[in-house]
Amino acid sequence: MRAVTWQGKQDVRVEDVPDPRIEEPTDAIVRMTTTNICGSDLHLYEPLAAFMTPGDIIGHEPMGIVEAVGGDTGDLRVGDRVAIPFQISCGHCWMCSAGLYTQCETTQVREQGTGAALFGYTKLYGQVPGAQAEYLRVPQAQFTHIKLPEGPPDDRFAYLSDILPTAWQAVEYADVPDGGTLVVLGLGPVGDFACRIGAFKGYRVIGVDLVPERLKRVGDRGIEVLDLTEHGDDLGDVIRDLTDGRGPDAVVDAVGMEAHGSPATKAVQKAAGLLPRFIAAPIQEVAGVDRLGALYSAIDIVRRGGTISLSGVYGGAADPIPMLTLFDKQIQLRMGQCNVKRWVDEIMPLLSDDDPLGVDDFATHRLPLEQAPEAYKAFQEKRDGHIKIQLKPHG
């Protein structure tokens, strides 16, 4: 089959790889009909390259049709239309019973000290072959799937595997009071959806970004936006002026390690990327490698007693955090990979023909799988309006 493989820093290629097969009774094979490029896939391009191996199949936002099942996959059947959550979880361990599917005790990658295994996302999370391919092997398929109705186009459900539940969790974790104000930093796909969800829930939402196309997409939905290029030095003051001088009730940081921040930490990322992998990985894992501009902004912006919800990916184990300010402002901080299936029952009613969240036209590009290398480059460079890219493995 054809699949998108990681070959090195800023080097992904579409290659022939062996077809996946049933290996365990709980496995299923799914034929991909839509598989997206996620913003966190760009972390594999550069910051997390030390944890990749040439030939790794990447991607973790799949949906498709079940082609084969093992003997212990519950009610999953050949022919079912499904979305596949990006984390692999069993559904019956203690963590899964608590709704913490990203901490599944059956698939935790204990040798790395991390949570549940993820599709296509570095050796830190199990080095499981990913979904930007014609076919995907799904371990723990008895639980790691979301059954979908027939009829509506893929766009209706293409974001259930990751970014839509991730944005939903980000807003839930933000704990905005009724009629409160939510600021969203970063208007990529997750931040965009977080703005839409916040507005749907009746909050006042202010979105912040520096990419004109992203600002326009959110602004066109009637949501307030602020251009970071105009307010980079006084963003906190501007937002406080808009919120009775105290700041918003909550801030969602949907940027993560890609924030435009410290040149020094960016230099650490780049320098580590030049080292041999066995040397670079420990440096990346232990050092404070993140550019923390968005997090620092969130801490400044949020009102005293407010909440910061982190949905952007961070990767450093020794990042400098201003604990005095967090403590003094009595800020609540919530974060983590999204527990996808925890939120599906709340989201599914919104994926109706009324389409209140605008999923049907959310994608900016729908491309053949073979064009993935060019799409990655354009997405990373934030050019030509590449905001959300769907790949179509079968035409």
Side-chain angles (χ1 to χ4, degrees), residues 20-30 32 35 38 40-41 44 48 51-53 56-64 66-78 80 82-133 135-148 160-166 168-169 172-173 285 311 313 315 317 334-347:
R21 58 184 178 84
I22 300 291
E23 299 178 17
E24 301 290 342
T26 52
D27 288 352
I29 305 298
V30 178
M32 298 289 92
T35 180
C38 180
S40 59
D41 288 328
L44 312 180
L48 298 181
F51 303 106
M52 299 293 290
T53 301
D56 284 349
I57 301 172
I58 54 182
H60 59 267
E61 293 191 10
M63 67 173 292
V66 177
E67 292 279 305
V69 294
D72 191 14
T73 57
D75 65 352
L76 194 62
R77 299 288 184 268
V78 171
D80 283 345
V82 291
I84 303 298
F86 70 89
Q87 75 266 168
I88 301 165
S89 48
C90 70
H92 57 72
C93 69
W94 190 93
M95 288 289 181
C96 286
S97 297
L100 296 169
Y101 306 121
T102 60
Q103 312 304 326
C104 174
E105 292 172 317
T106 301
T107 73
Q108 277 179 21
V109 186
R110 289 180 172 82
E111 61 270 26
Q112 298 290 341
T114 54
L118 310 180
F119 289 104
Y121 213 76
T122 80
K123 70 179 184 181
L124 291 175
Y125 289 100
Q127 211 159 21
V128 181
Q132 289 170 15
Y135 296 91
L136 176 69
R137 171 180 167 256
V138 181
Q140 300 295 325
Q142 79 286 348
F143 187 76
T144 304
H145 71 271
I146 302 164
K147 284 195 178 184
L148 304 173
L160 273 175
S161 56
D162 181 358
I163 63 169
L164 185 50
T166 293
W168 193 276
Q169 177 174 291
E172 287 291 316
Y173 278 10
E285 198 166 358
S311 62
V313 174
R334 301 194 68 182
M335 66 189 81
Q337 302 276 13
C338 177
N339 304 296
V340 171
K341 292 192 71 170
R342 164 68 180 80
W343 310 109
V344 168
D345 288 346
E346 297 179 39
I347 294 171

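Quick caveat: nothing in here was measured; it's all calculated off a predicted structure.
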Answer whether the closest heavy-atom distance between the side chains of Gln132 and Asp41 falls below 4.5 Å. yes

Which side-chain N or O atoms in residues 85-101 pair as donor and acceptor under 3.5 Å with protein atoms at least two apart or in another chain?
unit_1 : atom_1 : unit_2 : atom_2 : d
Gln87  : OE1    : Val340 : N      : 3.1
Gln87  : NE2    : Cys338 : O      : 2.9
Ser97  : OG     : Cys93  : O      : 2.9

Distance-only criterion, 3.5 Å: show the donor-acceptor pairs between side-chain atoms of residues 66-77 and protein atoms not counting sequence neighbours.
unit_1 : atom_1 : unit_2 : atom_2 : d
Glu67  : OE2    : Arg31  : NE     : 3.2
Arg77  : NH1    : Gly74  : O      : 2.8

Residue set satisfying side-chain hydrogen bond (donor to acceptor under 3.5 Å, both in side chains) with Thr107, at least two apart, ordered chain then number -> none

Closer than 3.5 angstrom, by distance alone: can the side chain of Gln169 be matched with the main-chain N or O of Asn339 as a donor-acceptor pair? yes

Does some side-chain heavy atom of Leu136 sit less than 4.5 Å from a side-chain heavy atom of Met32? yes

Could you walk me through whether His60 and Asp162 pass the side chain to side chain contact (heavy atoms under 4.5 Å, CB included) check? CA-CA 8 Å; His60 59 267; Asp162 181 358; 3.0 Å; yes

Any side-chain heavy-atom pair of Ile163 and Glu61 under 4.5 Å: yes

Between the CD1 atom in Ile347 and the CH2 atom in Trp168, the distance rounded to the nearest 0.5 Å is 6.0 Å

Min side-chain heavy-atom separation Phe119-Val138 under 4.5 Å: yes

Residues Thr122, Leu44; criterion side chain to side chain contact (heavy atoms under 4.5 Å, CB included); working and verdict: CA-CA 8 Å; Thr122 80; Leu44 312 180; 3.4 Å; yes

Shortest non-hydrogen pair, Lys147 vs Val82, comes out as CA-CG1, 4.3 Å

Assess whether side chain to side chain contact (heavy atoms under 4.5 Å, CB included) is satisfied between Cys104 and Phe143, documenting all intermediate values. CA-CA 11 Å; Cys104 174; Phe143 187 76; over 6 Å; no

What's the separation between atom CD in Gln127 and atom CG in Asp56, rounded to the nearest 0.5 Å? 4.5 Å

Assess the side chains of Glu172 and Trp343: does a donor N or O sit below 3.5 Å from an acceptor N or O? no

Pair Val128, Leu118 - check side chain to side chain contact (heavy atoms under 4.5 Å, CB included), show working. CA-CA 7 Å; Val128 181; Leu118 310 180; over 6 Å; no

Residue list, side-chain hydrogen bond (donor to acceptor under 3.5 Å, both in side chains) with Gln103, at least two apart or on another chain: none

Residues at least two apart in sequence or cross-chain that pass side chain to side chain contact (heavy atoms under 4.5 Å, CB included) with Glu24, listed by chain then number, are Thr26, Asp27, Arg137

Can you sort out the partners of Tyr125 under ring pair (Phe, Tyr, Trp, His ring centres under 6.0 Å), two or more places apart, ordered by chain and number? none

